[in-house]
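Both counts, for ligands and for their atoms, begin at 1 and track the order of listing.
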Amino acid sequence: MSWVSDYKYTWTERFAMRTLRACGHIPHHVAFVMDGNRRFARSQQIDKIEGHSRGFEKLADCLRWCLDIGVREVTTFAFSIENFKRSSEEVEGLFNLAREKFARLLEETARLDEHGIRIRVIGNIELLPLDLQKLVASAMLSTERNDKLFLNVAFAYTSRDEITQAVDTVLRHGCRDLAAEDISERLLAECLYTRHSPPPDLVFRTSGETRLSDFMMWQLSTSVLYFSNVLWPQITFWHFLASILAYQRDRWQLEDFRRAERMQSVQLAKTSDFYSERVLKFLATIDEDRRKLLVRLAAN
Ligand code: FPP
Ligand code: MG
């Protein structure tokens, strides 16, 4: 199964998609918490890894729907650091699935280039087996020139770990280059894995759970949260459209907060030296270090 499916729309689906595009705002960035794979597997009496594999197929459909409706950034929660606590059989099964999918991705980079898709794995990838680190790093490097749709795969990820890593980055590298007055909320945001992404506009979690489960907790303060009872492998285009509709209905309330945040940033940029040479140099170092790490992992 390819990363972008060849989903065939019915004419009613096409009509509904065009109507939503014409009548309302399409979210720029959508995040998916793909939950319910094992319950789906139990209900179908199939192995749980087969349930996760069906989940991947739905991710490929979602990517196609996002591309076609005009979403420009997708983040998906594929493996939490908490998932390391599952049975070794399931963890190994999920890693094997990831190995297969990232290897497939490397074979189909032409297809991703055609759609302009850039893959970024966000998470503590050094916690993964070495061969998977290599695959993940190679996937990121091989799509790094694309910029039409960004797909962030959260793998070995939790928000608390992400924030801890950001503090570590400031302490390790910043102590040499930064002054105490440079440390701010915005600087920490620049040290997160999502440094180059706007916050999600919409988060869609399946399976009836109404928790964030340590997913993008820093980034979601002004996002529309949409929860559905459907199990992830059973998600359809209509569930997806329902989430877009909910976003179009609720975004106005959140837009006020975002506007206030943007105004505050403009004020800050005018009054502080956040964009001083010192900070800019530090931020460039973060990008350089991250790329060097990927090149090293891909070459291992
Ligand atoms: C949550 O359902 C799902 C996961 C922990 C794994 C999701 C992974 C995939 C869909 C494959 C993605 C692979 C790549 C390479 C992107 P659950 O296991 O918590 O199910 P449950 O809630 O019914 O127990
Ligand atoms: Mg679950």
Would one find an N or O of [X], backbone or side chain, under 3.5 Å from an N or O of ligand 1?
{"X": "K101", "result": "no"}
{"X": "W232", "result": "no"}
{"X": "W3", "result": "no"}

So if I count the atoms of ligand 1 from 1 in the order they appear, which ones are less than 4.0 Å from some heavy atom of G55? 10 (C)

Where ligand 1 meets N83 - atom numbers and elements under 4.0 angstrom, heavy-atom basis: 5 (C)

Within the 6.0 Å centroid threshold, strictly below: W232 and F204: no

Check: F79 ring centroid to Y157 ring centroid under 6.0 Å: no

Could you tell me whether R86 approaches ligand 1 through its side chain, its backbone, both or neither, with non-hydrogen atoms closer than 4.0 Å? side chain

Specify side chain, backbone, both or neither for L231, according to which of its non-hydrogen atoms lie closer than 4.0 Å to ligand 1. neither

Using heavy atoms and a 4.0 Å limit, tell me yes or no: is G36 in contact with ligand 1? yes

Among all protein heavy atoms, pick out the one at the shortest distance from [atom]; state its residue, atom name and that distance to 0.1 Å.
{"atom": "atom 1 (C) of ligand 1", "answer": "M34 O, 3.0 Å"}
{"atom": "atom 8 (C) of ligand 1", "answer": "A78 O, 3.5 Å"}
{"atom": "atom 13 (C) of ligand 1", "answer": "F56 CD1, 3.8 Å"}

Any ion pair linking [Y] and [X] (charged N to carboxylate O, less than 4.0 Å)?
{"X": "E277", "Y": "K281", "answer": "no"}
{"X": "R111", "Y": "D6", "answer": "yes"}
{"X": "D182", "Y": "R278", "answer": "yes"}
{"X": "E73", "Y": "R120", "answer": "yes"}

Within the stated cut-off of 2.8 Å, is an N/O/S atom of E209 closer than that to the Mg ion (ligand 2)? no

Flag yes if more than 12 heavy atoms outside E288 fall under 6.0 Å of its CD atom; otherwise flag no. yes

The Mg ion (ligand 2) -> D35, closest N, O or S atom is OD1

Closest candidate by heavy atom, reference atom 22 (O) of ligand 1, pool R38, R39, R54: R39

Report the C-alpha distance between T158 and E82 in whole Å, list the side-chain angles of each, state the deciding distance to 0.1 Å, and finish with yes or no for side-chain hydrogen bond (donor to acceptor under 3.5 Å, both in side chains). CA-CA 8 Å; T158 58; E82 290 297 310; over 6 Å; no

